[in-house]
A.B. asks: 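Shown below is the structure under consideration.
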Amino acid sequence: MTFPSTSTRLVNPISYWSKRVLYADRGIIVLNKPSGLICQTENDDNAYSVRITSTTTFQHSAYHLTGLRQIFSLSCNPYPVHRLDKGTTGTLLLAKTLQSAQSISQQLQQRTVEKFYLALVRGGDKSFPVKSGVINVPLQYHNGTASLARKGKSSLTEWEVLASSPVAPLTLLRFKLMTGNKHQLRVHAAQSLLAPILGDHVYSKTAQSPVITTLTQVPEDRMYLHAHEVSFFKYRPSGPHKRFRLSIRAPLPHDFSRICADMKMNVNSSDSRGGILVNGVHADEGQDVINYCTKE
């Protein structure tokens, strides 16, 4: 089945996605997802399916999956195991095999997969009298959009202020997604913290400060939410500590970093750069991390 696009311009899926692979081993692939790519997963008892298209780049759903299949010489297209909103950038996890997909899905259900996000939100230093906290407010859904509710899906988000702009009402937050509900971070930011994510026109009910657009360029179709890190358990083939936590980080997109610079927000290099970590320690450059990951 194919899903037509409004665009007739195609890119070579092999060259395009080879530049966006953050990590791969015998079981998984982690991509650096661009803004504008639509990811939807439909899971049932027998199979994993995917609809991933873009109105600006790809002509049908299997286009980029076929490219990844060719890059890694797979017998079938990769299996998606989680999703990101169309406007969200960063770490997107796929499995090479059904066994790996089931293993990661089990970790997701057990909440041992950790997901961290960076977001530019509309609110300055005064909007955050405390610099970290936990949002524990259920969500309810109507016609595809979410809102806070007394009763609904349990939704838990940890948040932390990383930097606030001294020249405009804009703050960089780190979120830890404890439950993975649709639009959870966007709603918690806008309706619990009262600081909507920059560029989120669905959950923002007020106009952004003109000071922001005076000092920097903010495209109309760009939401500044970035899936910075995903981590999960893997197993070494031997040794006293077989199980370890593997973390993959996606670097901040250039336009995200540019806005931080324009707003005079100093971003720690560990928060802005990508990389691979084993048990919280950055793998040495040139180290063959795949040696850690030869067993599911």
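In what follows, every heavy atom counts, from backbone to side chain, and hydrogens, waters and symmetry copies are set aside.
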A.B. asks: Ignoring hydrogens and angles, tell me if any N or O in the side chain of His228 forms a donor-acceptor pair with the backbone of Gly90 under 3.5 Å.
C.D. replies: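 No.
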A.B. asks: With no hydrogens and no angle check, is any side-chain donor or acceptor of Asp200 less than 3.5 Å from a backbone partner on Met223?
C.D. replies: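 Side chain of Asp200 to backbone of Met223: no pair is present.
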A.B. asks: I want to check something: taking the side chain as every heavy atom from C-beta on, are Leu156 and Ile135 in contact at a cut-off of under 4.5 Å?
C.D. replies: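 The answer is no, as the side chains (C-beta and beyond) never meet within the 4.5 Å cut-off.
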A.B. asks: Does any non-hydrogen side-chain atom of Phe128 lie less than 4.5 Å from one of Leu173?
C.D. replies: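 Leu173 vs Phe128: side chains touch.
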A.B. asks: What heavy-atom pair brings Thr89 and Ser35 nearest, and what distance separates the two atoms?
C.D. replies: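 That would be CG2-N, 3.5 Å.
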A.B. asks: Answer yes or no: is there a side-chain heavy-atom contact under 4.5 Å between Val230 and Phe116?
C.D. replies: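 They are not in contact (no side-chain heavy atoms under 4.5 Å apart), so the answer is no.
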A.B. asks: Which residues satisfy the side chain to side chain donor-acceptor pair (under 3.5 Å) test with Arg249, sequence neighbours excluded?
C.D. replies: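 In terms of side chain to side chain donor-acceptor pair (under 3.5 Å), with neighbours along the sequence ignored, Arg249 is linked to Glu229.
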A.B. asks: Give, for atom OG of Ser192 and atom CG of Asn136, the distance between the pair rounded to the nearest 0.5 Å.
C.D. replies: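 Taking OG in Ser192 and CG in Asn136, the distance rounds to 9.5 Å.
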A.B. asks: Answer yes when Lys234 and Asp25 have at least one side-chain N-carboxylate O distance shorter than 4.0 Å, and no when they do not.
C.D. replies: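 Here Lys234 pairs with Asp25 in a salt bridge, since their nearest N and O are under 4.0 Å apart.
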A.B. asks: Measuring only between side-chain heavy atoms, which start at C-beta, is Met178 closer than 4.5 Å to Lys115?
C.D. replies: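 SC-SC contact between Met178 and Lys115 ruled out.
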A.B. asks: Are the side chain of Thr214 and the backbone N or O of Pro210 linked by a donor-acceptor pair below 3.5 Å?
C.D. replies: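 Judged by distance alone, yes, a pair lies under 3.5 Å.
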A.B. asks: Spell out, as yes or no, whether a donor-acceptor pair under 3.5 Å connects the side chain of His226 to the backbone of Pro251.
C.D. replies: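 Side chain of His226 to backbone of Pro251, a donor-acceptor pair under 3.5 Å: yes, one is there.
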A.B. asks: Just grab all the salt bridge (charged side-chain N to carboxylate O under 4.0 Å, His left out) pairs involving residues 87-100, residues at least two apart or on different chains.
C.D. replies: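 Matches after skipping sequence neighbours: none remain.
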A.B. asks: Are Tyr23 and Asn32 close enough that some pair of their side-chain heavy atoms sits under 4.5 Å apart?
C.D. replies: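 No; the side chains remain at least 4.5 Å from each other.
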A.B. asks: Below 3.5 Å, can you tabulate the donor-acceptor pairs from side chains in residues 137-146 to any protein atom, sequence neighbours excluded?
C.D. replies:
{"unit_1": "Gln140", "atom_1": "NE2", "unit_2": "Ser147", "atom_2": "OG", "d": "3.4"}
{"unit_1": "Tyr141", "atom_1": "OH", "unit_2": "Lys182", "atom_2": "N", "d": "3.3"}
{"unit_1": "Tyr141", "atom_1": "OH", "unit_2": "Lys182", "atom_2": "O", "d": "2.6"}
{"unit_1": "Thr145", "atom_1": "OG1", "unit_2": "His142", "atom_2": "O", "d": "3.0"}

A.B. asks: Applying side chain to side chain donor-acceptor pair (under 3.5 Å), name anything that partners Tyr117, two or more places apart in sequence or on another chain.
C.D. replies: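 Partners of Tyr117 under the side chain to side chain donor-acceptor pair (under 3.5 Å) test: none.
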A.B. asks: Strictly by salt bridge (charged side-chain N to carboxylate O under 4.0 Å, His left out), give each pair with a member in residues 141-163 just once, sequence neighbours left out.
C.D. replies: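 Qualifying pairs: Glu160-Arg174.
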A.B. asks: The test is side-chain contact (heavy atoms from CB on, under 4.5 Å); show your working for Leu68 and Leu74 and say whether it passes.
C.D. replies: CA-CA 8 Å; Leu68 290 171; Leu74 303 178; 5.7 Å; no
A.B. asks: When rounded to the nearest 0.5 angstrom, what is the spacing between CG in Leu177 and CZ in Arg111?
C.D. replies: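 Going from CG on Leu177 over to CZ on Arg111, the span is 9.5 Å.
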A.B. asks: Please determine whether salt bridge (charged side-chain N to carboxylate O under 4.0 Å, His left out) holds for the pair Lys86 and Asp221, giving the CA-CA distance in whole Å, both sets of side-chain angles, and the decisive distance to 0.1 Å.
C.D. replies: CA-CA 10 Å; Lys86 175 182 176 181; Asp221 59 348; over 6 Å; no
A.B. asks: To check you understand the geometry: which heavy-atom pair defines the closest contact between Ile248 and Leu22, and what is its length?
C.D. replies: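 Nearest pair, atom of Ile248 first, then Leu22: CG2-CB, 3.9 Å.
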A.B. asks: Hey, does the Lys NZ or Arg CZ of Arg186 hover above the aromatic six-ring of Tyr203, less than 6.0 Å from the centre and inside 45° of the axis?
C.D. replies: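 Geometry flag: not set, cation outside 6.0 Å or 45°.
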A.B. asks: Between Lys33 and Asp85, does any NZ, NE, NH1 or NH2 come within less than 4.0 Å of an OD or OE carboxylate oxygen?
C.D. replies: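 No.
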A.B. asks: Is it true that Ile29 and Ile71 fall in one hydrophobic cluster, defined by side-chain heavy atoms closer than 4.5 Å?
C.D. replies: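 Yes, one cluster joins them.
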A.B. asks: Can you see which heavy atom on Arg243 is nearest to which on Tyr235, and at what distance?
C.D. replies: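 Reported closest heavy-atom pair: CD-OH, 3.4 Å.
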A.B. asks: I'd like to know if the side chain of Ser100 pairs up with that of Thr97 as donor and acceptor (distance under 3.5 Å, no hydrogens or angles considered).
C.D. replies: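 Checked: Ser100/Thr97 side chains pair up, N/O donor to acceptor below 3.5 Å.
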A.B. asks: Quick one: salt bridge (charged side-chain N to carboxylate O under 4.0 Å, His left out) pairs with a partner in residues 188-197, sequence neighbours left out?
C.D. replies: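 As it turns out, there is no salt bridge (charged side-chain N to carboxylate O under 4.0 Å, His left out) pair with a partner in residues 188-197 once direct neighbours are skipped.
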A.B. asks: With sequence neighbours left out, write down each residue that passes salt bridge (Lys or Arg N to Asp or Glu O under 4.0 Å) with Arg273, or none if nothing qualifies.
C.D. replies: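 Checked Arg273 against salt bridge (Lys or Arg N to Asp or Glu O under 4.0 Å); zero matches.
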A.B. asks: Take Thr157 and Lys176 through the side-chain contact (heavy atoms from CB on, under 4.5 Å) test and state the conclusion after the steps.
C.D. replies: CA-CA 6 Å; Thr157 301; Lys176 182 177 182 181; over 6 Å; no
A.B. asks: Which atoms form the tightest heavy-atom contact between Gln191 and Leu148, and what is the distance?
C.D. replies: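 Taking Gln191 first and Leu148 second, the nearest heavy atoms are OE1-N, 3.2 Å.
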A.B. asks: Do Ile28 and Phe233 belong together in a cluster built from hydrophobic side chains that touch within less than 4.5 Å?
C.D. replies: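 No, because Ile28 and Phe233 fall into different hydrophobic clusters, even though each may have its own neighbours under 4.5 Å.
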A.B. asks: Please name all residues satisfying side chain to side chain donor-acceptor pair (under 3.5 Å) with Ser75, sequence neighbours left out, ordered by chain then number.
C.D. replies: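 Result, side chain to side chain donor-acceptor pair (under 3.5 Å) vs Ser75: none returned.
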A.B. asks: Checking Ser209 against Arg122: is there a side-chain donor and acceptor pair closer than 3.5 Å?
C.D. replies: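 No, no side-chain donor-acceptor pair sits under 3.5 Å.
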A.B. asks: Out of curiosity, Gln109 CD to Gln102 CD, how far, rounded to the nearest 0.5 Å?
C.D. replies: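 One finds 10.5 Å between CD of Gln109 and CD of Gln102.
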A.B. asks: Any side-chain heavy atom of Gln217 within less than 4.5 Å of one from Arg258?
C.D. replies: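 A side-chain contact exists here, since the closest heavy-atom pair is under 4.5 Å.
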A.B. asks: Members other than Leu215 in its cluster, when Ile, Leu, Val, Met, Phe, Trp, Tyr link by side-chain heavy atoms under 4.5 Å?
C.D. replies: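 Besides Leu215, the cluster holds Leu118, Leu120, Leu162, Val167, Leu170, Leu172, Leu198, Val211, Ile212, Val218, Tyr224, Leu252, Phe256, Ile259, Met263, Met265, Val267.
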A.B. asks: State yes or no: do Val130 and Leu193 share one hydrophobic cluster built from I, L, V, M, F, W and Y residues joined by side-chain heavy-atom distances below 4.5 Å, directly or via other members?
C.D. replies: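 As far as the 4.5 Å side-chain criterion goes, Leu193 and Val130 are connected within one cluster.
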A.B. asks: Does atom CG (Asn266) have a neighbourhood of more than 12 heavy atoms from anything else shown, all under 6.0 Å?
C.D. replies: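 12 or below, so no.
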A.B. asks: Kindly say whether His188 contributes a backbone atom to a donor-acceptor pair with the side chain of His183 at under 3.5 angstrom?
C.D. replies: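 No, the answer is negative, given that no donor and acceptor are paired below the 3.5 Å cut-off.
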A.B. asks: Short question: side chain of Thr171, backbone of Gly123 - any donor-acceptor pair under 3.5 Å?
C.D. replies: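 Side chain of Thr171 to backbone of Gly123, a donor-acceptor pair under 3.5 Å: yes, one is there.
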A.B. asks: Tell me every residue that passes side-chain contact (heavy atoms from CB on, under 4.5 Å) with Ala189, counting only those two or more places apart in sequence or in another chain.
C.D. replies: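 Partners of Ala189 under the side-chain contact (heavy atoms from CB on, under 4.5 Å) test: Phe175, Ile197.
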A.B. asks: Can you name the nearest heavy-atom pair linking Ser105 to Val81, along with the distance?
C.D. replies: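 Closest approach of Ser105 to Val81, heavy atoms only: OG-CG1, 4.2 Å.
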A.B. asks: Do Thr213 and Gln208 come within less than 4.5 Å of each other through their side chains, counting heavy atoms only?
C.D. replies: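 In short, these two side chains touch, coming nearer than 4.5 Å.
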A.B. asks: Taking only residues two or more places apart in sequence or in another chain, which ones pass side-chain contact (heavy atoms from CB on, under 4.5 Å) with Gln110?
C.D. replies: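 Counting only residues at least two positions away or on another chain, Gln110 forms a side-chain contact (heavy atoms from CB on, under 4.5 Å) with Gln106, Thr112.
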A.B. asks: What residues form a side chain to side chain donor-acceptor pair (under 3.5 Å) with Asn181, not counting sequence neighbours?
C.D. replies: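 In terms of side chain to side chain donor-acceptor pair (under 3.5 Å), with neighbours along the sequence ignored, Asn181 is linked to Ser155.
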A.B. asks: Check for me, please, whether Leu277 and Leu93 land in the same ILVMFWY cluster - side-chain distances under 4.5 Å, paths through other members count.
C.D. replies: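 No, separate clusters.
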A.B. asks: Applying side-chain contact (heavy atoms from CB on, under 4.5 Å), run through Ile276 and Leu246 and close with a yes or a no.
C.D. replies: CA-CA 7 Å; Ile276 299 170; Leu246 178 68; 3.8 Å; yes
A.B. asks: Does any non-hydrogen side-chain atom of Val21 lie less than 4.5 Å from one of Leu31?
C.D. replies: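 Side chain of Leu31 against side chain of Val21, heavy atoms only: contact under 4.5 Å found.
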